[in-house]
S.K.: 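Just dropping this structure here.
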There are 2 protein chains.
Amino acid sequence: MEEPHCKFETVLEILVGKWKPIVLFHLFSNGTMRFSELQKAIPDITKKMLTQQLRELEYHDIVHRKIYHQIPPKVEYSITEHGKGMSTVLQAMNDWGMSHLTHLNELYGEERSVESFEGRLDEVTGN
Amino acid sequence: MEEPHCKFETVLEILVGKWKPIVLFHLFSNGTMRFSELQKAIPDITKKMLTQQLRELEYHDIVHRKIYHQIPPKVEYSITEHGKGMSTVLQAMNDWGMSHLTHLNELYGEERSVESFEGRLDEVTGN
DNA sequence: CACTTAGGTATCTTTTTGTATACTAGGTTT
DNA sequence: AAACCTAGTATACAAAAAGATACCTAAGTG
């Protein structure tokens with residue numbers, strides 16, 4: 001076999017967390033967003049989770065946090081230059097992910113959406 | 001709302017779980033492995049977790065489970081053809097992951113970033 | 001003087017994941 | 001006959017992640 005597939009865990013570590021993908025999606029799509037704009041765009045997220053996910057992305061230098069020292073506060077989030085470098089990886093994951101969805105539909109049936117795969121997995125694993 | 005970076009969640013869904021990466025790594029590296037060989041290769045994993053992770057990968061048609069009907073039981077696991085198609089994505093994740101580690105080292109220094117990534121990664125790579 | 005605003009924290013509870021340990025089947029070896 | 005394989009289950013438990021809710025700040029507004 002070719003090169004060992006190993007350190008993709010690093011990417012996983014960045015992306016791990018229930019809300020990271022959708023947060024990243026919005027920031028990649030919209031460029032720069034305020035905390036409250038992200039909250040609006042992701043209605044079910046709590047402030048705590050949004051803060052947490054953003055802080056973790058910030059630690060990995062994927063997201064930049066710009067604070068305006070005003071009252072009421074204003075904080076803007078955006079993808080860093082380093083973070084933009086992730087887009088090819090995300091795109092590759094996205095593309096393969098799409099084709100995988102098609103494949104799963106062929107295997108298990110068309111009527112199932114992404115969300116319902118979870119439930120079907122539970123049927124199989126008995127959890 | 002066009003979607004440049006969105007359904008990479010599908011890949012995440014396959015890879016999610018504490019032991020999936022190392023299981024995949026061994027199967028990609030070794031081709032075909034028995035349940036007990038995987039157990040040996042990943043000493044800290046419990047049977048329950050190994051079974052669970054393999055079943056989930058099997059559901060996604062990434063891993064194939066071949067049962068030999070004999071006593072004592074023999075079951076072999078391998079990457080499916082569909083699963084092999086994942087290797088480019090894993091490779092892309094891996095490559096970017098490596099450069100990200102370097103970047104983190106530059107940002108935080110060698111000790112700090114090593115500390116933030118778990119030893120399991122090193123187990124996999126043998127570093 | 002109280003109210004509003006934006007971007008958070010601080011606690012506590014619930015849910016999800018992962019771990020530990022014991023048990024099973026049925027043929028083979030001691 | 002008892003012990004030993006392998007590839008699992010079953011059950012109980014601990015730890016981690018996520019959710020719910022209340023609270024904080026400090027200037028501007030009515």
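Note on naming: letters A, B, ... go to the chains in the order of the sequence lines (proteins, then strands), and numbering restarts at 1 for each one. Bear in mind the structure is a predicted one, so any value in this text is a computation, not a measurement.
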S.K.: List, one per line, each side-chain donor-acceptor pair under 3.5 Å for residues 63-74 of chain A, sequence neighbours excluded.
M.R.:
from  : atom 1 : to    : atom 2 : distance (Å)
A:R65 : NE     : A:Y77 : OH     : 3.2
A:Y68 : OH     : A:E76 : OE1    : 3.0

S.K.: Go through the structure and list residues passing side-chain contact (heavy atoms from CB on, under 4.5 Å) with A:I22, not counting sequence neighbours.
M.R.: A:W19, A:H26, A:I42
S.K.: Without decimals, in angstroms, what is the distance between A:Q70 CD and C:dG7 P?
M.R.: 9 Å
S.K.: Between atom NE2 in A:H69 and atom P in C:dA6, what is the gap in whole Å?
M.R.: 18 Å
S.K.: What is the separation between atom CD1 on B:I67 and atom P on C:dA25, rounded to the nearest whole Å?
M.R.: 18 Å
S.K.: Taking salt bridge (Lys or Arg N to Asp or Glu O under 4.0 Å) as the cut-off, I'd like each qualifying pair that reaches into residues 16-37 of chain A, sequence neighbours left out, listed once.
M.R.: A:K20-A:E56
S.K.: Using five base pairs at each end to define the local axes, how bent is the helix from C:dC1-D:dG30 to C:dT30-D:dA1, to the nearest 10°?
M.R.: 30°
S.K.: Are the ring centres of A:H60 and B:W96 closer than 6.0 Å?
M.R.: no
S.K.: Summarise how protein sits on nucleotides 2-20 of chain D as a single string, 5' to 3': B when a protein heavy atom is under 4.0 Å from the base, S for sugar-phosphate-only contact, - for no contact.
M.R.: ---BBBBS-BB-----BBB
S.K.: Applying side-chain hydrogen bond (donor to acceptor under 3.5 Å, both in side chains), can you list everything that pairs with A:N30, at least two apart in sequence or on another chain?
M.R.: none
S.K.: Can you sort out the partners of B:T102 under side-chain contact (heavy atoms from CB on, under 4.5 Å), two or more places apart, ordered by chain and number?
M.R.: B:E106
S.K.: Which pairs with one or both residues in residues 77-91 of chain A pass salt bridge (Lys or Arg N to Asp or Glu O under 4.0 Å), sequence neighbours excluded?
M.R.: A:E81-A:K84
S.K.: So, taking the atom named CG in B:L50 and the one named CZ in B:R55, what distance separates them when rounded to the nearest 0.5 Å?
M.R.: 9.5 Å
